[in-house]
K.L.:
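Here's a structure for you.
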Number of protein chains: 2
Amino acid sequence: MSQQRHGVTPGNAPGDRAGAVPAFPDLPEATIARLPEYLRALHNLGDAAADTISSEGLAAAAGVNSAKLRKDLSHLGSYGTRGVGYDVTLLIEQIEYVLGLDQRRAVCLVGLGNLGHALAGYDGFASRGFKIVALFDADASKVGELIQGLEVRHIEDLGRVAVEENIAIGVIATPALAAQAVADVLVDAGVTSILNFAPCVLSVPANVDVRKVDLAIELQILSFHEHRKASLTALPGGRSAASAGNQEAVGS
Amino acid sequence: MSQQRHGVTPGNAPGDRAGAVPAFPDLPEATIARLPEYLRALHNLGDAAADTISSEGLAAAAGVNSAKLRKDLSHLGSYGTRGVGYDVTLLIEQIEYVLGLDQRRAVCLVGLGNLGHALAGYDGFASRGFKIVALFDADASKVGELIQGLEVRHIEDLGRVAVEENIAIGVIATPALAAQAVADVLVDAGVTSILNFAPCVLSVPANVDVRKVDLAIELQILSFHEHRKASLTALPGGRSAASAGNQEAVGS
DNA sequence: AGGCGCTTGTGAAGGCGTGCACAAATCGCG
DNA sequence: CGCGATTTGTGCACGCCTTCACAAGCGCCT
C-alpha cells in the first residue's frame with residue numbers, strides 16, 4: 001500500500017544503466033518498499049555466507065517469492081549472473097545506491113513523549129545509516145534534556161535549525177493535534193520527507209512525501225483477522241497448539 | 001500492500017447483511033486496511049459535527065478518494081442514505097463490529113527495551129480499545145519492574161500466562177535475534193496474531209497473521225524518494241520554501 | 001403531488017502487481 | 001570443444017484495486 005503518493009512526472013531514458021548520475025528508471029512503488037527488506041537480508045547473509053547468492057536463497061531470506069525478487073532486481077539493471085546468482089557485495093552497493101543510502105541524510109525528530117524517546121534511542125536508525133541530528137519538543141520542561149547525547153530544543157527553533165542543518169527528513173512523534181502545525185513548519189524549512197507517527201492525516205504540498213505509521217491501526221487490522229478467524233469456528237485443524245518449532249513456509 | 005497473508009478459504013453467502021453472527025463478506029485486504037482510518041476520522045468528526053456525513057466529507061477527513069470510500073463501505077452493507085449521507089453513529093458501530101473492536105482482545109508485549117517501554121505506555125492502544133495485559137522480557141534485571149501499573153514478567157512465563165489470560169495478540173519488540181523464538185512460544189500458546197517490530201522475517205503457521213512494522217524501512221523508503229527528487233534538479237517550482245500554511249489537497 | 005437537487009451504490013474500464021513458465025546465458029566438466 | 005546443469009531475466013495471463021461515470025434512491029420545496 002503506497003501511502004500518500006504524488007504525481008512524479010519522470011520520463012527518463014528507459015534502457016540506460018544507472019551509471020553514477022541521476023536518471024532513474026522509475027521503479028514500481030511496490031518494488032521500492034521491498035528493496036530495504038532485500039538489503040537487510042543481504043547484510044545478514046553477507047556476514048557469514050558465500051559472496052554470491054541465488055534469487056531463491058535471497059527470496060527465502062527476505063520472505064518473498066523468488067520470481068518477484070528477480071523482477072524487482074531486474075528493474076534496477078542486470079546485476080546477476082545466470083547460472084550463478086547475484087554478487088552479494090555488488091548487489092548491496094547497488095541497492096544502497098538506488099535507495100540513496102550512500103548519502104547521509106539528516107533526520108530530525110519532533111515530539112519527545114514516550115514514543116519520541118524510544119525513537120531517539122532506537123538502534124535501528126543508526127545501524128541503517130540514518131542519523132538523528134536534532135530533537136524538538138514544545139514542552140519547555142523537556143527542553144535542554146540530553147537524550148543520546150543530543151539536547152532537546154524548543155520547537156520554535158525547528159524552522160531555523162532545519163534550514164541550518166539541511167535536514168531532509170522529519171519524524172513527527174507528537175500528539176495528533178500538534179502534528180499538522182509541525183508538518184507545516186517542516187515543509188517551510190525545506191524538509192521534503194516526513195515520517196508521521198501521529199494518528200492523523202497530514203496536508204502537505206505535492207513535492208513532499210509522507211509516510212505514516214499508526215500503531216493502533218496495525219492492531220485494528222489484526223483484530224479484524226481475529227474476528228474473522230473466530231467466526232469460522234467449525235474448521236479442521238483448529239486451535240490445538242502446534243508442536244514446537246516453525247514448520248511453515250513464509251507465505252507470499 | 002498486504003503483509004504476510006495466508007490462504008483464507010472463506011466461501012460465505014454473499015448478500016447477507018452482518019446480522020450479529022459470523023458469516024463474513026470477505027472484504028478486500030485493501031479495504032480492511034482503510035477501515036481503521038475511517039473509524040478514526042469518524043470519531044474526530046463525531047465529537048463536534050452533525051450526526052450525518054457525506055462520503056465526500058468523510059473521504060476528505062480520512063485522506064482518500066470519495067469513490068474509494070463509498071466502495072469500501074458498500075462492501076460491508078448499505079449503511080448510507082442517498083441524498084443525505086452516512087449516519088455517523090451507525091457507521092461507527094458497524095465498522096467497530098466488522099473490525100471486532102466490540103470485543104476486548106487481550107494483548108501482550110514482549111521486549112521492554114526502548115521501543116517496548118514506549119509501546120507499553122502508548123496512549124493510542126488504550127484509547128482505541130486495546131489493553132495490554134502482560135509484559136515480558138528476557139532480562140532478569142527488568143523483571144519485576146512496574147510499567148503503567150503492570151509488572152514485567154520473565155519470558156519463560158510467557159507460554160503459561162498467554163494461555164491463562166487467553167491472549168490473542170502478541171506484540172514483539174525484541175531484538176531481531178530473539179524474535180523468532182518469541183514468535184514460536186506465542187504460537188504454541190495459541191496466539192494467532194502477531195505485530196512484529198523486530199527487523200526480521202518471522203516463520204509462523206498459516207493460521208497465524210503477522211504484521212510487521214520496521215521503522216528503518218520507512219526511513220529508507222523516504223530516502224529513496226529524496227534521492228529521486230534530488231536527481232531531478234532542473235525542474236520548475238523547485239525548492240524555494242513555500243509560504244506558510246498548507247495549500248495542497250491530500251493526494252490519493 | 002410532482003419535480004429538483006443531492007448523494008449513495010455500482011457497472012465497467014484501466015492500471016498495477018503477482019506469479020508462472022520458459023528462453024537466454026553462464027559455468028563446469030568430460 | 002561441446003554438452004548439461006543451473007539460474008537469471010522476462011513475456012504473458014490473471015486477479016486485485018482504483019477510478020470514472022452514471023443510474024437509482026431519498027428528501028425537500030413548491
K.L.:
Specify the separation, in whole Å, of atom CG of A/L58 and atom C1' of D/dT6.
P.N.:
17 Å
K.L.:
Going by the rule side chain to side chain contact (heavy atoms under 4.5 Å, CB included), which residues pair with A/V88 if we only count those two or more places apart in sequence or in a different chain?
P.N.:
A/L42, A/I53, A/I92
K.L.:
Would one find a side-chain N or O of B/S55 under 4.0 angstrom from OP1 or OP2 of C/dT7?
P.N.:
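For C/dT7, neither OP1 nor OP2 has a side-chain N or O of B/S55 closer than 4.0 Å.
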K.L.:
Side chains of B/V107 and B/I167, heavy atoms from C-beta outward: is any pair under 4.5 Å?
P.N.:
no
K.L.:
As a test of reading the structure: which of C/dT8, D/dT8, C/dC20 is closest to the side chain of A/S54, going by heavy atoms?
P.N.:
D/dT8
K.L.:
If the sugar-phosphate is the primed atoms plus P, OP1 and OP2 and the base is the rest, what is the B/S/- string for nucleotides 10-15 of chain C, using protein heavy atoms under 4.0 Å?
P.N.:
BBB---
K.L.:
Name all residues meeting the ring-ring contact (aromatic ring centres under 6.0 Å, His included) criterion together with A/F125; count only those two or more places apart in sequence or in a different chain, and write none if there are none.
P.N.:
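A/F125: ring-ring contact (aromatic ring centres under 6.0 Å, His included) contacts with A/Y122.
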K.L.:
Who passes side chain to side chain contact (heavy atoms under 4.5 Å, CB included) against B/P175, sequence neighbours left out?
P.N.:
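Side chain to side chain contact (heavy atoms under 4.5 Å, CB included) list for B/P175, sorted by chain: empty.
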K.L.:
Should B/Y79 be listed as having a side-chain N or O under 4.0 Å from OP1 or OP2 of C/dT7?
P.N.:
no
K.L.:
Please list all pairs passing the salt bridge (charged side-chain N to carboxylate O under 4.0 Å, His left out) test where one or both residues lie in residues 35-46 of chain A, with sequence neighbours left out.
P.N.:
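Residue pairs with at least one partner in residues 35-46 of chain A: A/E37-A/R40, A/E37-B/K212.
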K.L.:
Could you note down all residue pairs passing salt bridge (charged side-chain N to carboxylate O under 4.0 Å, His left out) where residues 69-89 of chain B supplies at least one of them, sequence neighbours left out?
P.N.:
B/R34-B/D72
K.L.:
Without decimals, in angstroms, what is the distance between A/D87 CG and C/dT26 P?
P.N.:
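Taking atom P of C/dT26 as the reference, CG of A/D87 is at 15 Å.
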